[in-house]
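What follows is one structure encoded as structure tokens, with my remarks underneath.
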Amino acid sequence: MPVKKKRKSPGVAAAVAEDGGLKKCKISSYCRSQPPARLISGEEHFSSKKCLAWFYEYAGNEINVRRYQNGKFCEDIGVEPENIIMLVLAWKLEAESMGFFTKEEWLKGMTSLQCDCTEKLQNKFDFLRSQLNDISSFKNIYRYAFDFARDKDQRSLDIDTAKSMLALLLGRTWPLFSVFYQYLEQSKYRVMNKDQWYNVLEFSRTVHADLSNYDEDGAWPVLLDEFVEWQKVRQTS
């Protein structure tokens with residue numbers, strides 16, 4: 001029996017559309033329009049008991065919030081289902097999948113945010129959004145995403161998962177992303193290792209869209225050397 005892909009989910013796959021295999025990820029607007037969250041008094045301290053009761057509103061008698069209930073959770077907190085994974089990454093919650101939390105994962109994540117109800121979580125959206133848009137914080141989130149997305153018995157990401165996660169994380173901000181995505185589509189690579197993953201972010205931040213400042217003698221992974229060579233051939237053909 002094939003090993004179940006633990007980290008793939010509709011939320012990741014939704015980042016890839018038919019048009020060139022890419023759908024833009026709008027990090028700055030992953031929440032649906034909704035009434036303002038109720039203001040929470042500073043005296044309303046976090047309660048683990050209340051947090052677990054909140055968990056069981058979605059889990060029922062189960063030990064997990066199962067996939068088929070993620071829609072209700074997303075609806076209640078006002079986040080589109082395809083964007084819930086960005087919320088998970090922003091607070092670095094080791095969730096099983098989109099909207100699929102064990103009790104321990106839920107409690108860990110909500111404790112770190114000090115959220116024990118819907119209103120408190122909604123009031124954290126500005127903070128979570130700031131984490132995704134802060135350069136230093138985003139670097140940590142991007143690196144965390146590698147371990148979040150890979151199968152735990154593998155040291156690398158399979159290339160389809162890597163492409164989908166890159167679409168979520170860099171699709172809206174890296175001018176060369178659609179070109180890089182096309183390169184991965186036709187390349188020989190079937191996995192992406194951690195060093196390659198880390199360097200893609202560095203490349204996206206430091207190399208100009210026209211590749212004019214790319215240092216061929218730099219310490220870039222071969223994957224990126226070959227990408228530059230491939231793109232230059234396309235530009236001159």
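Only heavy atoms go into these numbers, but all of them, side chains included; no hydrogens, no water, no symmetry mates.
Counting heavy atoms from C-beta outward, Tyr183 and Gln231 have side chains that stay 4.5 Å or more apart. Within the 4.5 Å cutoff, the side chain of Leu89 has heavy atoms near those of the Leu169 side chain. Between Leu121 and Thr118 the shortest side-chain heavy-atom distance does not fall below 4.5 Å. In this structure, Met110 and Asp116 have side chains that are not in contact, with every pair of non-hydrogen atoms separated by 4.5 Å or more.
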* Kindly determine whether Phe46 and Cys51 satisfy side-chain contact (heavy atoms from CB on, under 4.5 Å), including the steps that lead there. => CA-CA 8 Å; Phe46 175 80; Cys51 184; 3.9 Å; yes
* **Stepwise side-chain contact (heavy atoms from CB on, under 4.5 Å) check, Ile141 with Phe148** => CA-CA 10 Å; Ile141 291 168; Phe148 171 87; over 6 Å; no
* Leu170 and Phe138: side-chain contact (heavy atoms from CB on, under 4.5 Å), yes or no, with the steps? -> CA-CA 10 Å; Leu170 299 180; Phe138 181 79; 4.1 Å; yes
* Just do the side-chain contact (heavy atoms from CB on, under 4.5 Å) check on Leu166 and Trp197 with the steps written out, would you? => CA-CA 9 Å; Leu166 287 171; Trp197 177 264; 3.6 Å; yes
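There is a path of hydrophobic side-chain contacts, each under 4.5 Å, that joins Val222 to Trp230. Note: the hydrophobic cluster containing Leu224 also contains Tyr189 (ILVMFWY, side chain heavy atoms under 4.5 Å, direct or indirect links). Under the 4.5 Å side-chain heavy-atom criterion for grouping Ile, Leu, Val, Met, Phe, Trp and Tyr, Tyr181 is connected to Leu211 within one hydrophobic cluster. Neither Leu201 nor Val191 shares a network with the other; the hydrophobic side chains, linked directly or stepwise wherever heavy atoms of I, L, V, M, F, W or Y lie under 4.5 Å apart, form separate groups for each. Cluster annotation: Tyr56 and Leu107 are assigned to distinct hydrophobic clusters (Ile/Leu/Val/Met/Phe/Trp/Tyr, side-chain heavy-atom contacts under 4.5 Å, transitive).
Aromatic ring centres of Trp106 and Phe73 lie closer together than 6.0 Å.
Of all heavy-atom pairs spanning Thr173 and Pro175, the tightest one is O-CD, 3.4 Å. Between Ile77 and Phe125, the shortest heavy-atom distance links the atoms O-CE1, 3.2 Å. The two residues Ala145 and Met165 come nearest to each other via the heavy atoms CB-CE, 3.9 Å.
For the atom pair CG (Asn193) and CZ (Phe146), the distance works out to 6.5 Å, reported to the nearest 0.5 Å. Taken from OG in Ser136 to CD in Gln131, the straight-line distance is 9.5 Å, to the nearest 0.5 Å. The CD1 atom of Ile135 sits 10.0 Å away from atom OG of Ser137, with the distance rounded to the nearest 0.5 Å.
The residue from Thr161, Asp158, Leu184 that alone fulfils the side-chain contact (heavy atoms from CB on, under 4.5 Å) condition with Met192 is Leu184.
Among residues two or more places apart in sequence or in another chain, the side-chain contact (heavy atoms from CB on, under 4.5 Å) test is passed with Ser112 by none.
Judged as a salt bridge (Lys or Arg N to Asp or Glu O under 4.0 Å), the pairs with a partner in residues 193-210 (not counting sequence neighbours) are, in order, Asp147-Lys194. Counting only residues at least two apart or on different chains, the salt bridge (Lys or Arg N to Asp or Glu O under 4.0 Å) pairs with a member in residues 226-237 are Lys188-Glu226, Glu216-Lys232.
Of the possible donor and acceptor atoms, none in the side chain of Asp151 sits under 3.5 Å from a partner among the backbone N and O of Asp153.
Between Lys163 and Glu185 there is a salt bridge, with a side-chain nitrogen of the basic residue lying less than 4.0 Å from a carboxylate oxygen of the acidic one.
Ring geometry for Phe203 against Trp220 counts as perpendicular: the plane angle is over 60°, on a 0 to 90° scale with 30° as the lower cut.
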